[in-house]
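Each remark here refers to the structure printed beneath this line.
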Amino acid sequence: MRHRKANVKLGRTASHRDAMLRNMVTSLFEYDRITTTISKAKALRPLADKMIGLAKNGKGDLHSFRQAAAVIRKREVLDKLFEEAAGRFSDRTSGYTVMVKYGLRKGDAAPMVILELTKDGQEKAKVGG
């Protein structure tokens, strides 16, 4: 029985799932938006929020930098995140990403979304509108 099991398996082994989420979070911060399935985006959101939280501590905090470097594998993406996160997300405590439904994937009709980082001045999505 899977009672009280928090993470979603996504049909992969633990090592494959970790590698996939690391690649996806790196791509999200590199390009500011990615297109993926809803279930992968929902699994990616907490990891992206955690990386932004670490980046908001600043590059002077070596421990936060190393924790983020354990997940984000490209140094230039890591530097970009730590340089712009403090200014870009300073007014927010959460809600750093926005999911926009995109349609269905052609091959298997999986529901797709565009997951993107919030822009400066962009408000959080309102419930029911």
Side-chain angles (χ1 to χ4, degrees):
M1 289 184 276
R2 286 196 80 242
H3 296 305
R4 298 179 59 154
K5 302 293 183 192
N7 62 340
V8 180
K9 293 191 178 203
L10 299 172
R12 290 160 172 78
T13 61
S15 59
H16 186 185
R17 186 172 53 248
D18 290 342
M20 180 194 65
L21 290 175
R22 284 177 178 161
N23 288 334
M24 288 176 68
V25 78
T26 301
S27 296
L28 177 64
F29 292 130
E30 186 174 6
Y31 302 112
D32 287 343
R33 70 184 340 195
I34 57 172
T35 304
T36 184
T37 62
I38 288 179
S39 57
K40 287 180 189 175
K42 285 181 180 179
L44 181 64
R45 261 183 155 172
L47 185 61
D49 287 348
K50 183 177 179 181
M51 292 301 109
I52 293 172
L54 290 172
K56 282 172 70 174
N57 290 340
K59 213 169 191 179
D61 187 10
L62 184 60
H63 185 61
S64 296
F65 188 79
R66 286 181 175 168
Q67 282 181 319
V71 176
I72 298 174
R73 299 304 175 131
K74 291 184 180 179
R75 180 61 190 249
E76 56 272 6
V77 175
L78 189 63
D79 289 336
K80 175 186 170 188
L81 174 65
F82 270 78
E83 287 169 6
E84 68 179 34
R88 186 173 179 181
F89 301 112
S90 61
D91 59 335
R92 294 176 177 264
T93 56
S94 64
Y96 305 118
T97 57
V98 175
M99 276 197 318
V100 179
K101 289 188 180 182
Y102 184 63
L104 301 177
R105 187 161 55 194
K106 189 168 184 155
D108 59 353
M112 301 293 286
V113 297
I114 297 173
L115 183 69
E116 62 183 345
L117 297 173
T118 56
K119 295 172 181 57
D120 296 329
Q122 184 176 9
E123 294 184 18
K124 290 183 181 180
K126 295 183 176 95
V127 175

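Side chains are part of it too, since the values below use all heavy atoms of this structure and drop only hydrogens, waters and symmetry mates.
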Problem set entry | side-chain hydrogen bond (donor to acceptor under 3.5 Å, both in side chains) partners of residues 36-55, not counting sequence neighbours, each pair once |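 Only Arg45-Thr97 qualify under side-chain hydrogen bond (donor to acceptor under 3.5 Å, both in side chains).
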
With sequence neighbours left out, write down each residue that passes salt bridge (Lys or Arg N to Asp or Glu O under 4.0 Å) with [X], or none if nothing qualifies.
{"X": "Arg33", "result": "Glu116"}
{"X": "Arg12", "result": "none"}
{"X": "Lys74", "result": "Glu30"}
{"X": "Arg2", "result": "none"}

Between [atom1] of [X] and [atom2] of [Y], what distance do you get to the nearest 0.5 Å?
{"X": "Phe29", "Y": "Glu84", "atom1": "CZ", "atom2": "CD", "value": "9.5 Å"}
{"X": "Leu10", "Y": "Met20", "atom1": "CG", "atom2": "CE", "value": "4.5 Å"}
{"X": "Leu28", "Y": "Leu21", "atom1": "CG", "atom2": "CG", "value": "11.5 Å"}
{"X": "Thr118", "Y": "Asp32", "atom1": "OG1", "atom2": "CG", "value": "9.5 Å"}
{"X": "Leu104", "Y": "Met112", "atom1": "CG", "atom2": "CE", "value": "9.5 Å"}
{"X": "Lys101", "Y": "Ile114", "atom1": "NZ", "atom2": "CD1", "value": "13.5 Å"}

[X]: what forms a side chain to side chain donor-acceptor pair (under 3.5 Å) with it, not counting sequence neighbours?
{"X": "Arg73", "result": "none"}
{"X": "Glu83", "result": "none"}
{"X": "Lys56", "result": "Tyr96"}

Output side-chain donor-acceptor pairs under 3.5 Å for residues 64-71, partner residues at least two apart or in another chain, one line each.
| residue | atom | partner | partner atom | Å |
| --- | --- | --- | --- | --- |
| Ser64 | OG | Asn57 | ND2 | 3.0 |
| Ser64 | OG | Asp61 | OD2 | 2.6 |
| Gln67 | NE2 | His63 | NE2 | 3.4 |

For this session: Taking Arg17 for its side chain and Lys9 for its backbone only, find out whether a donor-acceptor pair lies under 3.5 Å.
Result: yes

Exercise. Are the side chain of Arg22 and the backbone N or O of Val25 linked by a donor-acceptor pair below 3.5 Å?
Worked result: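 No, because the side chain of Arg22 does not come within donor-acceptor range (under 3.5 Å) of the backbone of Val25.
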
Problem set entry | Minimum heavy-atom distance between Phe89 and Ile52, given as atom pair plus value |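 For Phe89 versus Ile52, the nearest heavy atoms are CD1-CG2, 3.7 Å.
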
Seminar exercise, completed: Closest non-hydrogen contact found for Ala43 with Pro46 is O-CD, 3.5 Å

Problem set entry | Residue list, side chain to side chain contact (heavy atoms under 4.5 Å, CB included) with Tyr31, at least two apart or on another chain |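 Tyr31 satisfies side chain to side chain contact (heavy atoms under 4.5 Å, CB included) with Ser27 once adjacent residues are dropped.
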
Exercise. With Ala19, which residues qualify under side chain to side chain contact (heavy atoms under 4.5 Å, CB included), at least two apart?
Worked result: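 Testing Ala19 for side chain to side chain contact (heavy atoms under 4.5 Å, CB included), a comparison that skips the adjacent residues, returns none.
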
Exercise. So which pairs with a foot in residues 97-118 pass ring pair (Phe, Tyr, Trp, His ring centres under 6.0 Å), sequence neighbours left out?
Worked result: none

Exercise. Is it true that Arg75 and Asp79 make a salt bridge, defined as a side-chain N closer than 4.0 Å to a carboxylate O?
Worked result: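 Salt bridge: yes.
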
